[in-house]
Structure formats: structure tokens, C-alpha cells
Peer 1: 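My questions all concern the structure below.
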Amino acid sequence: MSPTASASPIRLVVLLALAALVSACATAPSKRGLLAEREVIAANMMRDITTLASDEFGGRQPGTEGERLTLEYLARRYTEVGLVSGTNDPANPWRAPVELVHSRPQSSKVALGGVVLADDEAFAFAGARRVLVEGADVVFVGRALTLPPADAIKGKVAVLLGEPGKSPARRAQLFELEPAAIITVVDEQSEIAGVRRAYGSDRIQRVSEGNRDLSAFVTDAAMARAIGTNVWATLREAAQDDTFAARALKLKASLESVSERSEFSSYNLIGRLPGTMPDAGAVLLLAHWDHLGTCGDDEAADLICNGAIDNASGVAMMLELARRMAASGPHDRDIYVLATSAEEAGLLGARAFIADPPVPLASIVAAFNFDTVAVAPAGSPLGFVGEGRTALDPLVLEALKETGRDLGNRDFAESFVQRQDGWALLEQGVPALFLSSAFGSQIVLGPYLENNYHQPSDELGRIELGGAIDDLLLHETLIKRIASAIGYSPPPVRVQGPVQAPAPVETGPQ
């Protein structure tokens with residue numbers, strides 16, 4: 001064996017050791033840098049969450065001192081991160097009005113065939129001070145899978161079979177036909193009690209929407225007494241056919257709802273990061289700033305629903321993304337930053353934005369919603385709410401592949417698509433996405449929904465930012481790509497899922 005041959009393995013070991021050392025020296029700062037970056041993101045988000053979810057802000061209910069404090073704080077933060085006003089109204093920088101009405105039901109009456117139903121069998125409500133229907137004809141529409149002709153229902157009382165999760169959208173479609181009222185039939189008296197809890201307390205609506213729509217809920221047993229048990233059973237069975245057509249009933253109905261009502265102005269807050277090619281369209285970031293105010297039991301020590309997770313965390317993520325996008329700009333496209341009001345009352349701020357947008361809705365090439373983000377630990381699968389409804393899916397899936405992240409439970413994520421502000425945009429054909437590891441699985445989100453959602457316990461101690469920071473970095477990659485006119489060119493025809501009417505409140509029954 002020659003000396004050269006015998007020394008070669010030793011030299012190779014030394015070279016490999018040196019290479020490993022160089023590699024370690026190169027990657028260690030990279031890992032330390034990423035860790036430091038995540039720490040900065042966490043500190044910035046916690047600063048905003050801590051302020052917005054403080055007792056001083058009182059739960060951020062629209063129309064309260066908490067709203068004033070919230071809007072003033074957000075306007076300061078918008079300026080600090082480098083935004084300009086996005087209202088296009090020099091007289092009203094930052095703020096876009098959302099005209100709302102607060103109503104509180106005072107009394108309710110439902111009579112079928114001249115017989116007034118007991119309180120535990122029926123409940124009627126409307127947003128107006130008083131709505132009265134006397135001796136109206138009644139039309140049974142079954143499950144309303146096929147809408148009746150307008151002249152068959154206009155001015156009459158429509159009777160709808162209740163189906164949890166589906167009836168709100170069907171009522172919204174029926175009200176477009178201008179019935180005098182809609183009665184939804186539920187199975188048990190306990191469901192009437194649930195309706196009273198959901199709709200019999202204070203409600204907020206947009207002034208322009210449905211204040212005179214008179215809705216009532218009646219038990220199945222009460223309907224059977226009113227028109228006869230056998231007749232009602234035959235009608236219910238016939239309505240199971242998907243092609244069932246509306247039928248006039250030999251029945252008159254009288255309904256009345258009386259409410260206290262007061263109108264007030266709330267506000268969306270709109271900022272803009274100017275792009276160099278504004279004619280190329282815009283990217284929209286949005287998160288709702290509002291929460292419930294007080295919602296604890298009267299006897300509880302803590303009555304304030306601070307909404308740390310829902311949705312101080314979403315606003316904080318939006319602000320940090322805006323800061324980072326401003327620091328990496330300028331970008332080709334304008335980036336709008338929208339903090340919406342009254343999401344909790346039924347996406348009302350988002351709908352007000354749609355009714356009077358600062359840019360044409362068709363020019364928004366992508367919208368990203370941030371809501372209830374601070375739940376999942378780092379490394380959690382991503383919930384893709386709205387998957388399959390826009391042309392943005394390939395970009396999202398490509399970014400997931402690049403970052404080594406996995407998609408979570410698709411069915412679970414999809415179940416929230418109508419319960420977030422992005423839905424109001426999707427209805428109008430705006431490509432809107434809601435990407436959050438908090439919505440990746442029931443295992444992650446379930447405990448929060450069961451124990452802390454819309455409760456005084458939604459406080460700072462529940463915050464988990466690991467998954468939220470993962471999501472923020474993913475959004476930053478996507479938004480940079482989409483904000484570039486070269487990086488993303490929207491298709492001439494948008495891909496959109498079926499448009500359905502939303503529920504009148506976010507989590508109301510049937």
C-alpha cells in the first residue's frame with residue numbers, strides 16, 4: 001500500500017469534518033435569525049392583543065366607548081406601520097361609516113286560525129319598532145328547495161320546515177319574494193326557548209337591511225293543532241320530495257312584534273399601502289375589530305368578554321403583516337388593510353364595505369381574512385377555509401409545498417366558510433381566502449369553541465402564537481407574490497363557489 005493511498009482516508013475525514021463545521025457555522029446564525037424573527041413577531045402581536053383585549057376597551061362592542069378607543073388605537077397603529085388612509089374621502093380619513101340599528105324585542109304574538117299560541121310554542125321578532133300582520137293567508141313552502149313564484153307568496157305568511165344550519169339561508173331567499181312574514185316550524189318547545197335566547201335579546205343590524213322582515217318560530221305540535229294532525233302529517237311527508245311545490249293552506253295567521261329601536265353609526269377602518277401600479281388591482285387584508293362587550297352571567301365576577309383570541313389576535317396579525325409588507329415594499333399592487341365592525345352581528349361591517357368600497361370590487365385580485373388565529377401550536381396543519389372557491393388555490397398549495405406544511409381537515413375547515421367576513425366577499429365574486437392553523441382540526445379548535453368562545457374566559461392567558469406565526473409567514477409569502485403584477489396575473493374569469501344567502505346572525509339556531 002502506498003503512503004498516498006493510505007493517507008487518503010484520513011484526509012477525507014478531515015475534509016468532511018471541516019465541511020460539517022463550516023455548514024454548522026452557516027446554518028446556526030440562520031436558525032438563530034429565524035428564532036429572533038419569530039420573537040419579534042410574537043412581541044409585536046402581543047403588544048396589540050394586550051391593548052385591544054384589555055378591560056379598558058370593554059369588549060370592543062360597536063357603538064360604545066370601547067369602539068372609540070379601538071378605532072383611535074388602530075388609526076395610530078396604521079400610521080406607525082406605514083399606511084395612508086384608504087377611504088378616498090379626505091373629510092373622513094381612515095373611517096368608513098357603518099350605519100347600524102340596535103333593537104331589543106319587547107313583545108311577540110303569533111295566532112293561527114284565530115288561536116293565540118303560548119309563549120313556549122311560538123316567538124316572533126323583527127328589527128322595526130312594530131310590525132303587525134293580521135288575518136293573512138298562509139302558504140306552506142316545505143323546505144323551500146324550490147322557490148315558489150313571487151305572486152304565490154307576496155303579502156302572505158310562508159310556513160317553512162326548519163332544518164338546522166340550512167333554514168337561515170332559505171329564509172333570506174324567501175324574504176326576497178316579499179312575504180308578510182315567515183313562520184319556521186321546529187320540532188320541540190326547547191327549540192323555541194333557544195330561539196328566544198338567540199333573537200329575543202339585543203340585536204344589531206344594518207339600517208338598510210331587513211328591519212321589517214317578520215320572522216316567527218312555531219312548534220310542530222302547534223301547527224298540527226292549527227290545521228289538523230292528519231293534514232299536517234301529509235304535508236310534511238309530501239315536503240320531503242325535492243320537487244315539492246308550495247301549497248296554499250286553509251288557514252289565517254296574525255303576527256306581531258314590538259321592539260325598542262335606536263340607530264347609531266359604527267365604523268370600519270381602512271388603510272392603504274400604496275403600490276407602484278395601482279391600475280393592476282389591489283390586495284385586501286381584513287379582520288374584524290369588534291367583540292361582544294359584556295356577556296358574562298349577571299352574578300359572575302367577570303362580565304367583560306375581552307375577545308383576546310376572537311378577534312384581537314386576528315387584528316394583531318393583520319397589523320404585523322401590514323408592517324412587514326410596508327418594510328419590504330413598495331409593491332406593484334395597492335394593499336388595503338380593513339378592520340371591520342359588527343362581524344359578530346352577521347358580517348355587517350364587511351357588507352357595508354361591499355356596498356361602498358374604496359375601489360371596485362372587481363379590482364380586488366385577492367382578499368385574506370384573519371380571525372381567531374391564536375389557538376394552534378407551531379407546526380399545526382393549516383385550515384384552508386374557502387378551498388375550491390377561487391382561482392388562488394394553486395398558489396396556496398404551492399406555498400404549502402415550499403414551506404413543508406400540511407393541510408388539515410378539509411371538511412372541518414369548510415364548515416366555517418359562511419361564518420367569517422371572507423364569505424361576504426365570496427358572495428360577490430371576490431377571491432377571498434381564510435387560512436389558519438386554528439381551523440385545521442376539531443382537536444385544535446374544539447376546546448376553545450367549547451370553553452372560551454364568546455365567553456369572559458377568552459383572555460390573554462389563552463393566547464397561543466406558534467401556529468399564528470407559521471400562518472403569518474405563509475401569508476407574507478403569498479401576499480408578496482400576489483402583490484407583484486409579474487408574480488401573479490388573475491384569470492379573466494374568476495372561479496367561484498355557489499352563492500348562498502348567509503344566516504342573519506353568526507351562530508343563531510335554525
Side-chain angles (χ1 to χ4, degrees), residues 100-141 144 153-164 167-172 174-175 177-207 209-227 232 249 251-263 295 298 345-346 503-510:
L100 301 174
V101 58
H102 175 273
S103 62
R104 178 181 300 170
Q106 297 296 299
S107 64
S108 160
K109 184 180 77 172
V110 178
L112 298 177
V115 178
V116 177
L117 303 184
D119 287 347
D120 60 356
E121 292 184 311
F123 175 68
F125 63 90
R129 285 187 175 86
R130 181 172 185 253
V131 180
L132 174 65
V133 173
E134 291 187 296
D137 292 334
V138 178
V139 177
F140 179 58
V141 298
I153 190 174
K154 185 174 182 179
K156 301 174 183 177
V157 173
V159 174
L160 171 72
L161 292 179
E163 288 189 73
S167 301
R170 293 171 184 170
R171 273 195 301 276
L174 286 169
F175 271 125
L177 303 180
E178 301 182 15
I182 296 176
I183 293 175
T184 303
V185 180
V186 297
D187 291 335
E188 305 290 342
Q189 289 183 341
S190 61
E191 294 177 81
I192 298 295
V195 169
R196 285 184 178 276
R197 286 192 299 271
Y199 299 114
S201 56
D202 294 6
R203 299 184 68 214
I204 295 176
Q205 294 176 285
R206 287 180 65 204
V207 170
E209 292 183 353
N211 290 318
R212 296 196 62 82
D213 289 346
L214 179 57
S215 287
F217 290 78
V218 170
T219 63
D220 183 83
M223 279 300 305
R225 286 201 314 273
I227 64 173
W232 179 238
L249 302 182
L251 183 69
K252 298 287 186 179
S254 298
L255 305 93
E256 183 181 27
S257 168
V258 178
S259 300
E260 290 184 1
R261 188 174 183 272
S262 59
E263 296 181 6
C295 64
D298 292 340
V505 295
E506 183 178 347
T507 55
Q510 295 213 40

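Every heavy atom of this structure was used, including side-chain atoms; hydrogens, water molecules and symmetry mates were not.
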Peer 1: Does the side chain of Arg206 come within less than 4.5 Å of Val101's, by heavy atoms?
Peer 2: no
Peer 1: Residues two or more places apart in sequence or in another chain: which of them pass side chain to side chain donor-acceptor pair (under 3.5 Å) with Arg196?
Peer 2: none
Peer 1: Find out whether Pro105 and Ser259 are in side-chain contact, i.e. whether some heavy atom of one side chain is under 4.5 Å from a heavy atom of the other.
Peer 2: yes
Peer 1: Is there a side-chain contact (heavy atoms from CB on, under 4.5 Å) between Met223 and Leu112? Walk through the geometry before answering.
Peer 2: CA-CA 8 Å; Met223 279 300 305; Leu112 298 177; 3.6 Å; yes
Peer 1: Looking at CG of Asp119 and CD1 of Ile192, how far apart are the two atoms once the value is rounded to the nearest 0.5 Å?
Peer 2: 10.5 Å
Peer 1: Output the distance between atom CG (Leu100) and atom CZ (Arg203), rounded to the nearest 0.5 Å.
Peer 2: 12.5 Å
Peer 1: Could you pull out the closest heavy-atom pair between Ile183 and Leu255, with the gap in Å?
Peer 2: CG1-CD2, 4.0 Å
Peer 1: Once you round to the nearest 0.5 Å, how far does CG of Asp120 lie from CD of Glu191?
Peer 2: 13.0 Å
Peer 1: If every non-hydrogen atom of Ala226 is compared with every non-hydrogen atom of Leu251, which pair is closest and at what distance?
Peer 2: O-CD1, 3.9 Å
Peer 1: What closest approach, in Å, do Ala180 and Gly155 show between heavy atoms, and which atom pair accounts for it?
Peer 2: CB-O, 3.5 Å
Peer 1: Using modelled atom types and a 3.5 Å cut-off, is there a donor and acceptor pairing between side-chain atoms of Glu121 and backbone atoms of Leu117?
Peer 2: no
Peer 1: Should Val133 and Glu256 count as side-chain neighbours, where that means a heavy-atom distance under 4.5 Å?
Peer 2: no
Peer 1: With sequence neighbours left out, which residue pairs that include part of residues 100-118 fulfil the salt bridge (charged side-chain N to carboxylate O under 4.0 Å, His left out) condition?
Peer 2: Arg104-Asp202
Peer 1: For the side chain to side chain contact (heavy atoms under 4.5 Å, CB included) test, which of Val110, Thr184, Leu160 pairs with Phe217?
Peer 2: Thr184
Peer 1: With sequence neighbours left out, write down each residue that passes salt bridge (Lys or Arg N to Asp or Glu O under 4.0 Å) with Arg197, or none if nothing qualifies.
Peer 2: none
Peer 1: Could I get the full list of salt bridge (Lys or Arg N to Asp or Glu O under 4.0 Å) partners for Glu178, not counting sequence neighbours?
Peer 2: Lys154
Peer 1: According to the ring pair (Phe, Tyr, Trp, His ring centres under 6.0 Å) rule, which pairs have a member within residues 104-134, sequence neighbours left out?
Peer 2: Phe123-Phe125, Phe125-Tyr199
Peer 1: Which heavy atom of Gly135 sits nearest to which heavy atom of Ser254, and what is that distance?
Peer 2: N-OG, 2.9 Å
Peer 1: Are any of the side-chain heavy atoms of Leu161 and Phe140 separated by less than 4.5 Å?
Peer 2: yes
Peer 1: For Ser108 and Ala124, work out which heavy atoms get closest and say how close.
Peer 2: OG-N, 2.7 Å
Peer 1: Residues two or more places apart in sequence or in another chain: which of them pass side chain to side chain contact (heavy atoms under 4.5 Å, CB included) with Ala158?
Peer 2: Val141, Ile153, Ile182
Peer 1: Are the side chain of Arg261 and the backbone of Arg129 linked by a donor-acceptor contact shorter than 3.5 Å?
Peer 2: no
Peer 1: Could you point out which residue of Val218, Val138, Ile227 forms a side chain to side chain contact (heavy atoms under 4.5 Å, CB included) with Val159?
Peer 2: Val138
Peer 1: Taking atom CD as the centre, does Glu134 end up with more than 12 heavy-atom neighbours from other residues, nucleotides or ligands that are less than 6.0 angstrom away?
Peer 2: no
